Amino acid sequence: MCAAKRHRALGGKLMFEHLIDLHSQTKDRPILDLFDAKRAEDFSVRAGDMLFDYSKTNIDSATRDALIDLLETRGVAEKRQAMFDGAAINDTEGRAVLHTALRNLDGGPVTVDGEDVIAGVRDTLAKMESFARDVRSGTYTGQGGKITDVINIGIGGSDLGPAMAYIALKPYSDGPRCHFVSNVDGADIAEVLTACDPETTLVIVASKTFTTIETMTNARTAKAWMSEKVTDPAAQFAALSTAEDKTADFGIAAERVFGFEDWVGGRYSMWGPIGLSLMLAIGGDAFRAFLRGGQAMDTHFLNADWHENMPVMLALVGIWHNQICGHATRAVLPYDNRLARLPAYLQQLEMESNGKSVAMDGTSLPYNSGPVVWGEPGTNGQHAFYQLIHQGTRVIPCEFLVAAEAHEPELKHHHQLLVANCLAQSEALMKGRTLEEATALMAAKGFEGVELDRQARHRVFSGNRPSTTLAYPKLDPFALGQIIALYEHRVFVEGVILGLNSYDQWGVELGKELATALQPIVEGRESADGKDGSTVALVGFLRANGV
């Protein structure tokens, strides 16, 4: 390790220790006591027309300063510039990390290995737009007429991103209906195929290598289904892949193959060809608005001062809650029903990116890596897991998202009630309810003596539970682009602070390797000899019962 890196590592260690000391001094301080006339303004960040409020956390000015000092000791500014410049910051795979280039609609050149990649990015976007226009207008047809349905077959990032965004932007969808298949479980594709007509369905196969076992199994099933009614099924397939030899072998014409480079990771790929299904649904103009939202957040991330930088402050709040306070999970709670799949999308984005145990130099991390990310839309969650959030023994930091305006003006009272619930939940988490308040409440209901005390204790809320709120005017393509880019950059900042590589995912490999080896055993073509006793017994049971 060079002297500069050793200095940074030591500085980072000292800053972690300082932050832990600050936490020990303030952990029992009521968040509510921090509020004065200026706290809400001082502990919030604006990016364009979005507002991120983190005032309902126990972060004070001294803590924020220490978090920013930690950020600076870890070299975030230099690493940020290196990422945008096309340097190979994914150094376990020797790759640049340039999903930002996919939304660089009017910026300057970006060089990878001495070559400007922006021209290729824009050519691919233009090719996607041309194809989308042809499908949406009926110039490109199925063998039974205009395309009415699109089936996107992928897994992981090639499924979660477009599936989440399609639901989020449904009010802007005026193209074919989109369906998403990812699971190799036959039930997933069977239900989708039942809802579609082979003669008017376009199938998109999303696999960079065109070898992903789940995706290709589903693709072959879809092709067989289509061949029952269509003379040339491959004519109604498109591919999102760089393996042109394999897509050609599958029968897909080159003009319907959309490639992307190895400097775009799967979970960061929705901005390019992986977003083709979304573009088919909402059109090229709306898709460009989505890209511009991401680009606007990139510009903000690159230029805003640390304490006014939304991705940076979102990341620092995450570091404070997870690594410093020791809160192991993070609940993402969109009070926007069309963001129903956002928690699942962020699960992959954050947990696959920062779910590591070794630092960039291969040494073990001296602290926990990323948190468990989970959540559901409000208000459904209020009648499910919010009980544990409010009164459980573990503190779960909550991240609320809410729009000022809904897409249903005729149901404005619904949205006002939704917003009231969102704001009430964060207030309740912070304020709680004391035993004295609960006792007065139960006494008013007629309880006395021992029973009064017992009933009151069940209604105590400890409060002092942190939350943040991300507010935006309306969930439109631009706002969704801002939100997704915000969380992408949050992952980057947290990863740099933790000293790990956010852009590889070796943890998914071992299970794939073992599944490949187990398939012939499950099929009965090979013996289970050499496998552990549990696996042998389970294979035996499942084979005896019909697998």
Side-chain angles (χ1 to χ4, degrees), residues 90 92-95 151-160 163 179-194 203-228 233-234 237 239-252 262 265-267 344 347-348 351-353 355-358 362 364 369-370 372 501 503-547:
N90 175 1
T92 59
E93 297 179 294
R95 295 175 181 172
I151 301 174
N152 185 93
I153 299 177
I155 197 164
S158 58
D159 168 78
L160 278 168
H179 314 266
F180 298 87
V181 173
S182 60
N183 203 321
V184 77
D185 184 339
D188 194 9
I189 193 164
E191 289 184 1
V192 169
L193 296 181
T194 299
V203 179
I204 300 173
V205 184
S207 172
K208 185 181 289 187
T209 63
F210 226 64
T211 59
T212 310
I213 189 167
E214 299 94 337
T215 300
M216 297 316 300
T217 299
N218 282 323
R220 287 188 286 270
T221 297
K223 191 175 183 183
W225 162 80
M226 192 173 284
S227 67
E228 293 177 2
F237 273 69
L240 314 179
S241 176
T242 55
E244 295 180 1
D245 55 338
K246 293 183 174 61
T247 60
D249 289 344
F250 198 86
I252 302 175
D262 63 6
R267 56 194 175 278
Q347 276 181 347
Q348 188 201 23
M351 294 171 70
E352 191 166 270
S353 294
K356 312 292 170 60
S357 59
V358 296
S364 297
S369 56
V372 175
N501 184 0
Y503 302 103
D504 61 13
Q505 53 280 331
W506 302 112
V508 306
E509 297 299 322
L510 180 58
K512 288 182 180 179
E513 294 169 9
L514 294 177
T516 300
L518 270 166
Q519 185 174 356
I521 297 173
V522 170
E523 293 172 350
R525 295 185 287 110
E526 292 183 9
S527 168
D529 292 348
K531 291 292 181 181
D532 63 90
S534 171
T535 301
V536 170
L538 288 168
V539 168
F541 174 85
L542 294 167
R543 282 195 53 75
N545 285 276
V547 73

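For this chain, numbers begin at 1 and follow the sequence in order. Note that the structure is a prediction, hence the values are computed from the model and not measured. Excluded from the calculations below are hydrogen atoms, water molecules and symmetry mates; all remaining heavy atoms, backbone and side chain alike, are included.
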In short, Lys531 meets Leu518 closest at the heavy-atom pair CE-CD2, 4.0 Å
| request: Step by step, work out the side-chain contact (heavy atoms from CB on, under 4.5 Å) result for Val203 and Met226. | output: CA-CA 10 Å; Val203 179; Met226 192 173 284; 3.8 Å; yes
**Prompt:** Between the side chains of Thr535 and Asp532, is a donor N or O closer than 3.5 angstrom to an acceptor N or O?
**Reply:** yes
Within a strict 4.5 Å, meaning less than it, do heavy atoms of the [X] and [Y] side chains meet?
| X | Y | result |
| --- | --- | --- |
| Glu191 | His179 | no |
| Lys246 | Thr211 | yes |
| Ile151 | Val181 | yes |
| Lys512 | Ile213 | no |
| Thr212 | Ile155 | yes |
| Ile204 | Leu240 | yes |
| Leu160 | Arg267 | no |
| Glu93 | Asn501 | no |

(Q) Within a 6.0 Å radius of atom CD on Glu244, are there more than 12 heavy atoms belonging to other residues, nucleotides or ligands? (A)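 Open.
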* **Value rounded to 0.5 Å, distance of OG1 in Thr215 from CZ in Arg220** =>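 Separation between the atoms: 10.5 Å.
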Separation between CG (Leu193) and CD (Glu228), nearest 0.5 Å, reads 9.5 Å
*What is the ring orientation for Phe250 with Phe210, classed by angle as parallel under 30°, tilted 30 to 60°, or perpendicular over 60°?*
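Rings of Phe250 and Phe210: perpendicular, as their planes differ by over 60°.
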Any donor-acceptor pair under 3.5 Å from [X] side chain to [Y] backbone:
| X | Y | value |
| --- | --- | --- |
| Asn218 | Asn183 | yes |
| Asn152 | Phe180 | no |
| Asp188 | Ser182 | yes |
| Lys223 | Pro233 | no |

Among all residues two or more places apart in sequence or in another chain, which pass the salt bridge (Lys or Arg N to Asp or Glu O under 4.0 Å) test with Asp185?
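Scan of Asp185 (salt bridge (Lys or Arg N to Asp or Glu O under 4.0 Å), adjacent residues dropped) gives none.
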Check: Quick one: do Asp504 and Arg95 make a salt bridge, cutoff under 4.0 Å?
Finding: no
Across all chains, not counting sequence neighbours, the side-chain contact (heavy atoms from CB on, under 4.5 Å) partners of Met351 are Gln347, Val372, Val373
